[in-house]
2 protein chains.
Amino acid sequence: MKRSPTVADVARLAGVSTATVSRCLNAPGTVRPGARAKVDSAIAELGYVPDGAARALASRRAGTIGAVVPTLENSIFAKGIHSLQNRLAAAANTLLLASSNYSLDQEEHEIRTLVSRGVDGLVLIGTSHRAPVYELLRRKSIPYVNTWTFDPRGPHPCVGFDNRQVAGRIARYLLDLGHRRIAMISGVTLDNDRASERVAGVERTMSDQGLLLQADWLIERPYSIVDGRTAFHHLMSSGPRPSAVICGNDVLALGAVFEAEAMGVDVPGDVSITGFDDLELASHISPSLTTARVPVEHMGIAAADYLISRISGRTFPERTELEVQLVVRETTGRAPDE
Amino acid sequence: MKRSPTVADVARLAGVSTATVSRCLNAPGTVRPGARAKVDSAIAELGYVPDGAARALASRRAGTIGAVVPTLENSIFAKGIHSLQNRLAAAANTLLLASSNYSLDQEEHEIRTLVSRGVDGLVLIGTSHRAPVYELLRRKSIPYVNTWTFDPRGPHPCVGFDNRQVAGRIARYLLDLGHRRIAMISGVTLDNDRASERVAGVERTMSDQGLLLQADWLIERPYSIVDGRTAFHHLMSSGPRPSAVICGNDVLALGAVFEAEAMGVDVPGDVSITGFDDLELASHISPSLTTARVPVEHMGIAAADYLISRISGRTFPERTELEVQLVVRETTGRAPDE
DNA sequence: TTTAACGATGTAAGCGTTTACAATGCAAGC
DNA sequence: GCTTGCATTGTAAACGCTTACATCGTTAAA
């Protein structure tokens, strides 16, 4: 296995200096066409591929962006990452991906790893991160952006929406339909500010109407279809039934809808169900799911653009609020008469 | 913004040489506990974080693995990547992710980028990749592994299953149920060896029974629910109806099942439908989907293990075949009487 | 024609690690 | 007490690239 060719090899073959070869790669405009042609053909002949590590070391620029998501198993994050990655690739950046499995401690660890890999920027999800993380990013002055969240008053750059406000809108919509017996199947709120904000939004909106989200009608479950099913089943088979169930995301809501069908509970006749995310599926199941459309593609793009701008010294709004639309479909209807 | 601390700073503060600091980081066993303690506290005091680029340059090891997937929008790939990433992280490797959007040319470009970023290994999907890609990997002797495919005779390391054979099993299963009028909604076969192998498997198995997969009963569509719906709709509304529809993956199959319900077509009474992948959803929709369970988690783990072994010089089987189970559920039944 | 200014190129000094090799100290063996 | 051998540490040379600076023609301005 012989050594890979280096700039020096290319330079020798092309009859120029290594500096010129480097310039051909990084600023082709600054080198005369004649020389450039010689270099290009030397590169082709040798099959030269620049060494990223050396390049990163010398230029203090890695060309990579890191992202830490809770999980890729929820396709809403996968879609967001897909969009982020495509936008980054278009700007010649590569994505380094890690997952936290919904643990802030693991997140901190993954972020440290990414930072030591030398990422130029970081995409995070949510607002709550361990203090040492923010400290590290500040000290190394690594640009970062929180996504899936929007906090106009917070100190951190963000691209997203106000989870509390959107959840509140869902609750208000149900209240307007006459629902009073409202239950919620939330995601696990520990280490998850989006989940707790959504709960808070529902609670706040209900209490504005003098209503209370009872403790036994607030169920926390991991985001999975099966958990949505069992939670819904539990809600429907113990004591008085709620007339509406707000789910922390679409996955839980899908579970609820499936379980309702299995139990013979009429949706929305007996009970209304709402989701959060608007997965592709939401519009196809029957009854189709009323939910909030999270602008994942847009979020990925905006996060990429923010970081790319920051890295190249350009300016970009520190906070971007994205619109979340309430998509009313068939799983919600007027509250049944008492 | 002051310079980040380097090994030299740590060494000075700890009163040792840079070599010792380096050893503390990479082979703690070889340095005396006393010295190690001093180094550790110096690291903590300075908040030192090693520079990945410099480390990669000096050690010829990046600690990163690249992966190129067609898309993350299909959650089956997202799950695979999730599993791969978790396994890699456990072995202190970071994942560099790119997507090809089902284009081999774009794949080649992304692979070149990853290679120049200095990945230690590469996870690819499928067997068909541009010749220059294989050539490049060979020349730079970068370990790689093809996933989602199993080719015992091919020259490439792989972890997966035989798409043709599994598709054939699905077809045979339907034939055994008495189906003769079989149609297929395939994914786009251009640049996608898994999709074309699946078609080939169905065709082969049918022709073994003297049957033909008619041209107008083989529809190619991008993998999306909507495309599954429209394709199914088309199949059911032009000319004689098939009694069974084999779908290239679960996403298409979900579309078909949803459309059947919308059209009032009875599944499996009027028509049987099969998928491929076994998404979480497949078992929850109604009727639940008969499909082939692709062992994504296992595939991610095995791919990670293969590369990690290769990189650390250990040996690992070049080809791993994973079992794919045919999961019979409610969307398939005996062919209706003629 | 002279001079200044500029564009293209080369020289060489890093960038922050790792690691081969040398040096040192120490315990054990004789 | 002298050797040996081992464990630990230090010295300094890569690793492959970018880029500040110097150099050298050339051209435009005066």
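Here is how names work: the chains are called A, B, and so on, in the same order as the sequence lines, proteins then strands, and each is numbered from 1. Not measured: the values here are computed from a predicted model.
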Report, one pair per line, the protein and nucleotides 20-22 of chain D atoms (nitrogen or oxygen only) whose separation is under 3.5 Å.
none

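Checking the phosphate oxygens (OP1, OP2) of dT18(D), no side-chain nitrogen or oxygen of Ser59(A) falls inside 4.0 Å. One finds no side-chain N or O of Thr20(B) lying less than 4.0 angstrom from the OP1 or OP2 phosphate oxygen of dT8(D).
Nearest to the side chain of Ala58(A), among dT18(D), dT18(C), dG10(C), sits dT18(D). In the set dC17(D), dC15(D), dG10(C), the nucleotide with an atom closest to the side chain of Leu57(B) is dC15(D). Distances from the side chain of Ser22(A) to the nucleotides dC17(D), dT18(D), dT18(C) place dT18(D) closest. Distances were taken from every side-chain heavy atom of Thr6(B) (C-beta onward) to each of dG16(C), dC17(D), dT11(D); the shortest belongs to dG16(C).
The interatomic distance linking Arg61(B) (CZ) with dG16(C) (P) rounds to 23 Å, in whole Å. One interatomic measurement links the two molecules: CG of Leu25(A) to P of dT19(D), which rounds to 12 Å at whole-angstrom precision.
The 5' end of DNA chain D is approached more closely, in terms of each residue's nearest nucleotide, by Arg32(B) than by the other of Arg32(B) and Ala8(A). Mapping Ala54(B) and Arg60(A) onto DNA chain D by nearest heavy atom places Ala54(B) at the nucleotide closer to the 5' end.
Between Arg117(A) and Thr94(B), the side chains place a donor N or O and an acceptor N or O closer than 3.5 Å (distance only, hydrogens not considered).
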Can you give me the dot-bracket string for DNA chain D, 5' to 3', counting Watson-Crick and G-U wobble pairs with both distances under 3.5 Å, using [ ] for crossing pairs and | for partners on another strand?
||||||||||||||||||||||||||||||
Which pairs would a plain distance check flag for residues 58-71 of chain B, meaning a side-chain donor or acceptor within less than 3.5 Å of a matching protein atom at least two apart in sequence or in another chain?
{"residue": "Ser59(B)", "atom": "OG", "partner": "Arg55(B)", "partner atom": "O", "Å": "2.7"}
{"residue": "Ser59(B)", "atom": "OG", "partner": "Arg61(B)", "partner atom": "N", "Å": "3.4"}
{"residue": "Ser59(B)", "atom": "OG", "partner": "Arg61(B)", "partner atom": "O", "Å": "3.4"}
{"residue": "Arg60(B)", "atom": "NH1", "partner": "Leu57(B)", "partner atom": "O", "Å": "3.4"}
{"residue": "Thr71(B)", "atom": "OG1", "partner": "His82(A)", "partner atom": "NE2", "Å": "3.2"}
{"residue": "Thr71(B)", "atom": "OG1", "partner": "Glu73(B)", "partner atom": "N", "Å": "2.9"}

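Looking at heavy atoms from C-beta onward, Glu108(B) lies out of side-chain contact with His129(B) at the 4.5 angstrom threshold.
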